[in-house]
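Comments concern the structure below.
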Amino acid sequence: MLRRVHKEHAYYWGLRLAVLSMLVAAFAFAICTIAVAETATKEKVVAAIPKLEKLAKETIANGGVPGLAIAIVYKDEVVYLGGFGLREAGKPDTVDANTVFQLASLSKPISSAIVAALVSDGTVRWDSRIADLDPAFQLQDAYPTEQVTIRDLFAHRSGLSGNAGNDLEGLGFSRDEILHRLRYLRPTSSFRAAYAYSNFGFTEGAVAAVKPTGKVWEDVAEEKLYKPLGMNSTSSRNADFLKHLNRASLHVRVSGEWTPLVTRNPDPQSPAGGISSNARDLAQWMRLELGNGKYDGKQLIKEEAIAQTHVPILERGKDPITGSPSFYGLGWGVNFGRYGTVWAHAGAFSQGTRTVVNLIPSEQLGIVVLSNAYPTGVPDALADSFLDLVFTGSVTRDWVTEWKAIYASLLEPGIKTAKVYGTPPASPAPALPLAAYVGAYSNEYLGTAVVVEDHDGLALKLGPNGIKSYALKHFDRDLFTFFPEAETPNVPSAVTFQIGPEQKASQVTIEDLNDDGQGVLARVEGK
């Protein structure tokens, strides 16, 4: 178990780590700046585009993804917009620059620009405390609850775990209910001392930032960013995405084929992962970012407000390709790579989307790649290939193969789980009479789970009013399995009952929901 540190001590070391990270970043930047001899030019960018198109077409033809869209900007000019492949496998409609994709976590740097606009006009500060903006919000401990700021939540340094709230969203809880229940989660690190990617921590930062306006996040996003930039196909509402006829479906692999298996409504985490957009609109946003808040000659967002989003705050680990330290700012990854400083962010839904943006501010160069499939490293590979083509004239590595391996590794835990629970033991111990397991179980975070008996055996009901129902299959004695997500039909998870002295279950542990210990629920007395 992680040790809780005295609050003043945690604050002190959090500050030290932030300062150290910035110093390391500055040193890395100096090294990279010296190492990069080549610079981008309009001629090099234009010359790279046909080669990138060829690679994109080959990737589609080889089954890398069903569809792709790409936007490239250089020195405040949109130099390329293109689409490849199909919006939905098995249907003839093709992807173009106007095809709307769900962006997943590519939403975060866009949302940081929206909050930067609020900082710019004086509505809030990056260091405004959440307690002042949204007094109802709480973390588990009092000191972080009192002190946590928009900056902390956008930098993922509140102490919330990476999965905080994600499981509740999957069970059908509303945004307000999810944000309320974050108070029941123990922190995974001391306040401001470590990076832990949190969709709902980020969402709370955005929701709190718009409180002084008296408007909801979705309306403020449109008012502050989408309308001023003419991003007419961009929205923070899933309903708007569904209205587009020219939209990309989500795809996952089923028996080796890309299949539009499920849909995804990310409205509860809209600021963190719920934006939908197309290549054409995102090109305008890249112009704004590379222009440090200036767009079409007008300073829409004050430079000092948007510039803070690009400052590295905490180290988040190693770059999987270069092995060099990778940092996080406010909704942006900040890396010091092969061609200098890169502002970057990727997005993914396991239900079937992958997106990426890479901006090189020193060269005023940016690329965004959208795809309608998961797992795949194709967007990252195409972005890396394009930068190689611009700066060296050729692709230096087989990026598609390398990124494919990186994303395939993300599935390894599921593969291991499938091996553990995919085949029952040869001689399983029999279960107790099913009535021993039937009943209601509860904790503060997940709420109430109900185990019922029906004509097929046991079923587990979760979420508000038990709206999610999963069949339980006996595995061994008091252990049952179920399939928690439709997009991973071959990966079962365990549901284990603890039997009390009366030969009746007193507790249940739902493994798929137990990352931070929140998957343990006690029987409700009398149920």
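It should be emphasised that the depicted structure is a prediction, and the values quoted were computed from it without experimental measurement. In this chain, numbering begins with 1 at the start of the sequence shown.
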Ring-ring centroid check His345 Tyr328, cutoff 6.0 Å: yes
Ion pair Glu402/Arg397, N-O distance below 4.0 Å: yes
Pairing of Glu169 and Arg264 as salt bridge, 4.0 angstrom limit: yes
Cation-aromatic face contact Arg338/Phe391, 6.0 Å, 45 degrees: no
Distance-only donor-acceptor check, side chains Glu289 and His310, under 3.5 Å: yes
Salt-bridge criterion met for Lys224 and Asp121 (N-O under 4.0 Å): yes
SB check Lys211 Glu204 (cutoff 4.0 Å): no
Tyr197 and Phe202 aromatic centres sub-6.0 Å: no
Electrostatic pair Arg175:Asp267 at N-O distance under 4.0 angstrom: no
Under 3.5 Å side-chain donor-acceptor pair for Thr353 and Asn372: no
Exam field: side chain Ser235 to backbone Asp240, donor-acceptor pair closer than 3.5 Å: no
Check: Val216 main-chain N/O paired with Asp219 side-chain donor or acceptor under 3.5 Å: no
Residue pair Tyr184 / Asn443, side-chain donor-acceptor N/O under 3.5 Å: no
